[in-house]
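Notes for the one structure printed next.
Nothing fancy with the numbering, it's 1 onward along the sequence.
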Amino acid sequence: DGGVIVQYMGGKARIAKHIVSSIMSDTPLRERWFEPFVGGGNVMEHAAPHFHECIGADAHPDLILMWQAVTNGWLPPDIDREMYRDLRHADPSALRGFVGFGASFGGKWFGGYGVSPRDGELWRQSARTIARQAQVFMRHRVKFVQSEFGSYDPPPRTVVYCDPPYYGTTSYSTGQFDYQYFYEKLIEWSDSGCAVYVSEYQIPESVPCELIWERSKNVSLNSASNSRHA
């Protein structure tokens, strides 16, 4: 098993269950699930009930501090614009992790205090999502670790789901991303006996892969571009 691509265009909150379902239909492995780009935890939320062990990693310190706090019962407080401004240049913390992503437009790291005409301040919706996810992650003892990509090699028979920064699109919040190294690690993990899955717009021909699911949708990246079609 391994070297398989999950390809789709758009966000994950509404399609995470389809991603997990497609992966589970493609591999019988259920021992361990590993995400080196756990991000907002949407895919992990759907995967956790089906695996004996789940590990969510990410290079972003604030994000992992937030998830570690959430699995210990922490939930974010009310947020306002002043707090948003103050936390932008504060030290890493669980609260800063929530505010930087959860209160920002489009979930982009401190990309602007998010307010929707329909839903109001975006942090409120994010807080409800976090509360729901917290119950799943605590119940299934999901482990969250801060880790640069490639610094942890999953053991054989691990299902690896990668949601990297898409090539040629928005930048990586923790700096430049080495795509050549990324694909080399995927092949290495697949050769070691892991079942490796990737969400991407495109993948080099040199990487052996197979499409198992795809979907196109409208995506909104910022307040000035709310009708981009991918």
Side-chain angles (χ1 to χ4, degrees), residues 11-14 16 19 33-48 54-116 119-152 161-166 169-177 199 219-223:
K12 292 187 229 9
R14 295 185 179 181
I19 293 173
W33 175 277
F34 171 56
E35 290 187 46
F37 309 93
V38 70
N42 293 304
V43 176
M44 179 67 79
E45 179 184 359
H46 290 274
C54 290
I55 301 173
D58 206 284
H60 203 292
D62 300 82
L63 182 68
I64 292 302
L65 287 171
M66 183 195 75
W67 285 129
Q68 289 172 342
V70 162
T71 54
N72 281 296
W74 178 84
L75 291 175
D78 290 356
I79 309 300
D80 57 30
R81 291 179 184 270
E82 182 178 1
M83 181 185 293
Y84 186 89
R85 290 193 299 268
D86 290 345
L87 285 169
R88 181 186 294 271
H89 301 293
D91 293 334
S93 68
L95 178 59
R96 186 170 182 256
F98 172 76
V99 171
F101 289 111
S104 295
F105 185 85
K108 185 176 181 180
W109 180 245
F110 282 104
Y113 189 79
V115 179
S116 164
D119 301 319
E121 295 173 301
L122 298 186
W123 70 263
R124 298 183 185 278
Q125 180 178 349
S126 297
R128 290 193 292 270
T129 299
I130 291 288
R132 184 192 70 239
Q133 292 173 313
Q135 296 302 311
V136 176
F137 297 154
M138 288 190 291
R139 185 180 309 120
H140 298 285
R141 298 186 294 279
V142 177
K143 181 180 179 181
F144 292 96
V145 295
Q146 184 189 353
S147 174
E148 295 289 338
F149 177 80
S151 63
Y152 169 78
Y161 169 68
C162 296
D163 181 32
Y166 300 145
T169 58
T170 55
S171 60
Y172 197 33
S173 62
T174 57
Q176 295 298 315
F177 187 71
S199 290
V219 296
S220 177
L221 296 182
N222 55 59
S223 58

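- Atom CG in D163 sits 12.0 Å away from atom CE in M44 (nearest 0.5 Å).
- Taking CZ of R141 as the start and OG1 of T71 as the end, the distance is 12.5 Å to the nearest 0.5 Å.
- Checked options Y152, Y161, F144; the residue passing with F34 is Y152 (criterion: ring-ring contact (aromatic ring centres under 6.0 Å, His included)).
- Looking only at distances, no side-chain donor or acceptor of Q125 sits under 3.5 Å from a matching main-chain atom of D119.
- The line from CG of L63 to CD of Q68 is 10.0 Å long, rounded to the nearest 0.5 Å.
- In terms of modelled atom types and a separation under 3.5 Å, the side chain of Q133 and the main chain of W67 share no donor-acceptor contact.
- More than 12 heavy atoms of other residues, nucleotides or ligands shown are found within 6.0 angstrom of CZ on R132.
- Contact check for V115 versus R81: side-chain heavy atoms found under the 4.5 Å cut-off.
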Apply the test side chain to side chain contact (heavy atoms under 4.5 Å, CB included) to residues M66 and F101: give CA-CA distance (whole Å), side-chain angles for both, the deciding distance (0.1 Å), then the verdict. CA-CA 11 Å; M66 183 195 75; F101 289 111; over 6 Å; no
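- In this structure, A90 and R96 approach most closely via the heavy-atom pair O-NE, 3.2 Å.
- Rounding to the nearest 0.5 Å places OG of S126 at 11.0 Å from CD of E121.
- Between the CZ atom of R14 and the CG atom of N42 there is a distance of 11.5 Å, given to the nearest 0.5 Å.
- Across A131 and L75, no two heavy atoms sit closer than the pair CA-CD2, 3.8 Å.
- Counting all heavy atoms, side chain and backbone alike, G39 lies closest to D58 at N-OD2, 3.3 Å.
- Checked options W123, F98, F110; the residue passing with Y84 is F110 (criterion: ring-ring contact (aromatic ring centres under 6.0 Å, His included)).
- Across all non-hydrogen atoms, the minimal contact from A59 to Q146 is O-NE2, 3.4 Å.
- Side-chain contact between V38 and I64 is present, with at least one heavy-atom pair separated by less than 4.5 Å.
- Side chains of F37 and C162 form a contact here, defined as non-hydrogen atoms less than 4.5 Å apart.
- Annotation: side chain of W33 is in contact with side chain of V43 (closest heavy-atom distance under 4.5 Å).
- Residues V99 and P76 have side chains not in contact (no heavy-atom distance under 4.5 Å, counting atoms from C-beta outward).
- Taking all atoms of both residues into account, the shortest heavy-atom contact from S147 to A57 is CB-CB, 4.1 Å.
- A donor-acceptor contact shorter than 3.5 Å links the side chain of D62 to the backbone of S93.
- Here the CE atom belonging to M83 is positioned 15.0 Å from the CZ atom belonging to R88, to the nearest 0.5 angstrom.
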